[in-house]
Protein chains: 2
Amino acid sequence: MRQVAKRSQLTELEGAALGIVLRAGACTPYAVRRAFGGSPSRFWSGSAGAVYPLVRRLERRRLFAARADRRDGRARRLLSVTPAGRRAFEAWLLDADRAADLGFDPLRTRLFYSDLVPAARVAGFLERTAAAMAAGRGPPRPDLPHAMRLHESWCRLRSGALEEFRKSKRRR
Amino acid sequence: MRQVAKRSQLTELEGAALGIVLRAGACTPYAVRRAFGGSPSRFWSGSAGAVYPLVRRLERRRLFAARADRRDGRARRLLSVTPAGRRAFEAWLLDADRAADLGFDPLRTRLFYSDLVPAARVAGFLERTAAAMAAGRGPPRPDLPHAMRLHESWCRLRSGALEEFRKSKRRR
DNA sequence: ACCCACATGTAATGGGTTACATGATTTA
DNA sequence: TAAATCATGTAACCCATTACATGTGGGT
């Protein structure tokens, strides 16, 4: 899965990066990396090779502004979102067509093809998956109540879908 | 978002491609493209530049076998899955750790940052998104009942999450 | 005749991953 | 003092996207 991005439209990663800096008020590219890395999905890894070029890209497009800061010896750059950046962020977030897209779910993909594998092995797989989901990393940003509710309700719904699938297999 | 793929581990796209050919018994790379393109998510576009090199890759790794076929003038290649291919497919599908990953959902991402946008605009966005999800492309592969059930239950789940979020906003 | 679907591919480009490189500060 | 964390970046690689190129077969 890759980013789509018609000319000048923000990618998912870029939109999220603007959101992170907007929420923080101002922060370093490193903090953006941490925020991505703390996500409960491996698809938001926040690798250096992704984040630093992304930040430079958004600076060139005047959506980020950066100022140097070396209050404590460390040379860091503090990012903030420009007015144009905020407008781009809102346009990205409020795009209902992109929001409606089903996205990409490794569990859904596997269930879709699970009829091609012996049922006994699938049953074991479903059990292990349910366990891994339950044991999965805790909720991201416990400091943000709305984000926690969202994370919880998403996990609950996914577990629900998995249980529904297991029941329908047993019934058959 | 990019594929992860530790050396010799199948990517999501590769696993799904094996699944498509296993289900068809034998089919052309073009049919694999169609299958990807018919997916309800834009993240499975099935572009030529993705599928043809992918097929060659899996041929080199002896997971696909190809034979030429020109029964009706058209020069086509018929793919089949080798025994090693089936083993790789099962290992890919039965990977509970990868299945448990939350994946990548454009709606979830936007809800996560929605507190940064004026509530009135978010309300309109949620309504448009609900409408777009309802009007979205129909279910994929109505010929496969298990796939249809899965698709339906997944859409229902996402709509449920959206409604839950809207209610929690209204309560506030 | 023309267009659409079938069918196979390549080239340029974009962008994410892994791994590496460097250095300061904090903590065990 | 050694390790972890903060902090910034680059280089090689992989792979998906867009756009292009080429040709056949069937329907209007």
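Each chain gets a letter, A, B and so on, in the order its sequence line appears, and its residues count up from 1. Being a predicted model, the structure only gives us computed values, none of them experimental.
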* Across the strands shown, which category fits A/G49 at heavy-atom distances under 4.0 angstrom: base, sugar-phosphate, nothing? -> base
* Could you state the atom-to-atom distance from OH of A/Y52 to P of D/dC6 in whole Å? => 11 Å
* **Atom-pair distance (CZ on A/R74; C1' on D/dA7), nearest Å** => 7 Å
* Shortest non-hydrogen contact from A/D101 toward B/P106 -> O-CD, 3.7 Å
* Asked: Would one find a side-chain N or O of A/R77 under 4.0 angstrom from OP1 or OP2 of D/dG9?
  -> yes
* Asked: Taking five pairs at each end of the helix from C/dA1-D/dT28 to C/dA28-D/dT1, what angle separates the two helix axes (nearest 10°)?
  -> 30°
* Distance-only donor-acceptor check, side chains A/W92 and A/Q9, under 3.5 Å -> no
* Nucleotide D/dT5, atom P - distance to CZ of A/R34 in whole Å -> 8 Å
* Asked: With sugar-phosphate meaning primed atoms plus P, OP1 and OP2, does A/R33 contact a base, only sugar-phosphate, or nothing at under 4.0 Å between heavy atoms?
  -> base
* Where A/L126 and A/F165 come nearest, the two heavy atoms and their spacing -> CD1-CD2, 4.0 Å
* Structure fact -> A/L54 atom CG is separated from D/dT10 atom P, nearest whole Å, by 14 Å
* D/dG9 phosphate, OP1 or OP2: any side-chain N/O from A/R56 under 4.0 angstrom? -> yes
* Closest nucleotide of DNA chain D for B/R57 versus for B/A48: which of these residues is on the 5' side? -> B/R57
* Asked: Between C/dT8 atom P and B/Y30 atom OH, what is the distance in whole Å?
  -> 9 Å
* To do: Check whether any side-chain N or O of B/R71 sits under 4.0 Å from OP1 or OP2 of D/dG25, and answer yes or no.
  => no
* Structure fact -> Between CZ of A/F36 and P of D/dA7 the distance, given in whole Å, is 17 Å
* Nearest heavy-atom neighbours spanning A/A132 and B/A100 -> CB-CB, 3.6 Å
* **Residue pair B/V32 / B/C27: nearest heavy atoms and the distance that separates them** => CG2-SG, 4.1 Å
* Asked: Is a salt bridge present between B/E12 and B/R98, judged by a nitrogen-to-oxygen distance below 4.0 Å?
  -> yes
* For A/E163, look at atom CD and say whether over 12 heavy atoms of other residues, nucleotides or ligands are found less than 6.0 Å away. => yes
* To do: Looking only at side-chain atoms of B/P29, point me to the closest of D/dT24, C/dT8, D/dT10.
  => C/dT8
* Structure fact -> Tightest non-hydrogen contact, residues A/L157 and B/L157, listed as O-CD1, 2.7 Å
* A/D69 CG - C/dA24 P separation (whole Å) -> 17 Å
* Asked: Between D/dT8, D/dG25, C/dG16, which one does the side chain of A/R76 approach most closely?
  -> D/dT8
* To do: Give a yes/no answer on whether the side chain of B/T11 brings an N or O atom under 4.0 Å of OP1 or OP2 in D/dC15.
  => no
* Roughly, in whole Å, what's the span from CZ in A/F104 to P in D/dC15? -> 14 Å
* Structure fact -> Whichever of B/S47 and A/A31 has the more 5' nearest nucleotide on DNA chain D, that residue is A/A31
